[in-house]
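Please read the structure below before turning to the comments.
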Amino acid sequence: MPRLPKRVKFRKEMRRVRDRKATKGNYVAFGDYGLQSMEGVWLTARQLEAGRVAAQHFLKREGQLYIRVFPDKPISKKPLETRMGKGKAEVEYWAARVRPGTMLFEIGGVQPDLARRALLRVAMKMPVRCRFVGRRVTV
Amino acid sequence: MKKTVNLAATTRDRLGSRYSSRVRASGGLPAVLYGHGEAPLAITLDAKEATRHINSGGRVFSLAINGAEQIALLKDLQFDYLGDTIIHADFARVDLNEQVEVKVHVKLVGEAVGLKSAGAVLLHPASELTIKCRVTGIPEEFEVDISNLEVDHSIHVREISVPEGVTILTDPEAVVATIHMKKEEAVAEAAAAEGAAEPEVIREKKPDAEDAKAGDKKDAKGAKDAKPGAKPAAKPAEKGKK
């Protein structure tokens with residue numbers, strides 16, 4: 001089941017700019033390996049869920065999967081064959097704001113090879129180019 | 001403990017993001033050296049060499065700044081938006097006998113007993129420890145043996161043995177490694193399905209309650225304004241017919 005917020009302040013939201021580079025959430029923080037987006041996109045709740053299912057089915061009950069983004073942006077869409085105007089349309093789906101560099105998924109507690117193969121399957125479900133990354137150097 | 005790494009550095013006169021970009025474009029790494037009550041000094045390192053030493057775990061550097069030697073501790077790094085390339089480094093002036101606070105990575109070694117059962121997941125929440133030690137005695141990493149770790153058991157920071165002269169500043173009760181059984185996926189999906197509906201809008205007035213309230217007010221107002229024997233007001237629908 002795709003995820004969506006429990007409570008929101010406003011039902012609809014403006015579109016806003018989406019292709020700025022990530023300045024936060026752009027490194028592996030919880031797991032050992034991560035899947036990083038190389039492009040900006042509004043990642044829909046369905047796409048995110050497809051990625052989660054792909055990873056869980058592959059990992060079975062091994063490892064811990066972390067989803068680093070949440071679809072909290074309501075995207076509205078006018079119905080087909082509708083004239084313009086008459087106010088903003090109803091919410092069609094929910095999306096996560098993803099910038100180039102955003103970490104989408106992380107995996108912990110598994111061998112690097114298994115993590116790579118699991119995240120490769122997730123990457124196939126993503127609408128953007130992604131890459132497999134490890135943890136940064138500790139300072 | 002890793003050996004002190006020698007790096008050549010030159011001072012920078014022109015500061016700011018534009019000049020730093022030019023330094024990077026010419027193969028340099030902008031850095032700053034501060035501490036010990038002296039003025040901060042903007043320096044440039046060779047990017048390739050500095051990155052190689054930093055990525056291989058180098059912490060203490062001997063910087064040759066225009067010929068003068070200075071021992072410095074790597075304090076902070078800035079990365080680009082993809083987290084690959086180091087774009088700036090912070091160094092602190094130190095003496096070799098000085099006590100410093102640093103973060104050290106924790107490495108888990110051994111095959112845990114608890115991991116043999118299906119659904120067991122090994123987690124290490126505290127993957128790095130903050131320690132206090134002498135500059136010359138900074139450990140490269142702490143090795144923690146998890147071979148006796150069972151399901152629902154944890155290894156805490158207090159259980160880690162450290163070399164002499166090293167004090168751990170991280171909370172002693174923090175969990176370094178733990179094994180827990182993973183929940184069934186079906187349970188999680190059922191829980192997700194339960195909450196799947198339209199989200200509740202904060203501070204949105206409930207339409208039914210509002211209408212009822214408004215209706216009551218209107219009636220009350222109408223009753224108050226209406227004079228005895230006066231005609232009732234025309235309905236909006238009748239107005240529209242014109």
Side-chain angles (χ1 to χ4, degrees), chain A residues 1-12 20-32 34 36-40 45 49 52-53 55-57 59-66 71-72 74 90-91 94 99-103 107-111 131 133-139, chain B residues 51 54-59 73-84 86 89-90 102-106 108 112 115 117-125 127-129 140-141 177-185 188-204:
Chain A
M1 199 69 196
R3 306 193 302 168
L4 77 169
K6 284 178 188 162
R7 299 165 80 219
V8 290
K9 199 164 182 181
F10 302 105
R11 282 186 303 126
K12 297 169 188 175
R20 288 178 185 150
K21 290 170 183 173
T23 54
K24 54 185 179 180
N26 57 351
Y27 59 93
V28 179
F30 299 97
D32 301 322
Q36 189 177 37
S37 170
M38 304 295 282
E39 297 168 29
E49 178 66 7
R52 186 193 70 82
V53 169
Q56 293 284 20
H57 281 194
L59 290 170
K60 294 193 173 69
R61 291 183 67 192
E62 276 185 68
Q64 179 77 38
L65 183 74
Y66 301 90
D72 59 352
E90 287 306 310
V91 175
W94 292 80
R99 291 176 167 194
T102 303
M103 202 61 64
I107 290 181
V110 292
Q111 293 299 314
R131 66 172 191 167
V133 289
R135 271 185 174 266
R136 274 181 186 175
V137 59
T138 309
V139 178
Chain B
T51 307
I54 291 168
N55 285 338
S56 63
R59 290 294 182 82
L73 178 73
L74 182 65
K75 288 289 277 187
D76 196 15
L77 291 173
Q78 286 179 29
F79 293 85
D80 68 338
Y81 73 103
L82 290 174
D84 278 345
I86 297 168
D90 280 21
V102 286
K103 283 181 181 169
V104 178
H105 183 69
V106 178
L108 306 178
L115 283 178
S117 47
V121 181
L122 172 68
L123 298 175
H124 57 120
S127 59
E128 53 191 35
L129 302 180
E140 276 187 57
E141 59 187 10
T178 182
I179 296 178
H180 76 96
M181 294 303 285
K182 214 173 172 186
K183 284 178 194 168
E184 288 289 341
E185 200 180 327
E189 276 182 5
E194 249 178 48
E198 204 152 299
E200 178 198 341
V201 181
I202 303 167
R203 289 191 300 186
E204 191 186 52

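The model shown is predicted, which means the values in this text are computed figures rather than measured ones. In what follows, chains carry the letters A, B, and so on, assigned in the order in which the sequence lines appear, proteins first and then strands, with residues in each chain numbered from 1.
- A:Arg136 forms a cation-pi arrangement with B:Phe79, by the criterion of a distance under 6.0 Å to the ring centre and an angle within 45° of the ring axis.
- For chain A, the nearby part of B:Leu123 is the side chain; its heavy atoms alone come within less than 4.5 Å.
- Judged purely by atom type and a 3.5 angstrom limit, B:His105 uses its side chain to pair as donor or acceptor with the backbone of B:Ser127.
- If you tally non-hydrogen atom pairs under 4.5 Å between each of B:Val121, B:Leu82, B:Leu122 and chain A, the highest count goes to B:Leu82.
- Contacts of A:Gln36 with chain B are made by side-chain atoms alone, with heavy-atom separations under 4.5 Å and no backbone atom involved.
- Scanning both residues, B:Ile202 and A:Arg7, for their nearest heavy atoms gives CG1-NH2, 3.8 Å.
- Per-residue counts of heavy-atom pairs under 4.5 Å with chain B were compared for A:Gly31, A:Gly63, A:Ser37; the largest is that of A:Gly63.
- For B:Asp80, there are no salt bridge (charged side-chain N to carboxylate O under 4.0 Å, His left out) partners, not counting sequence neighbours.
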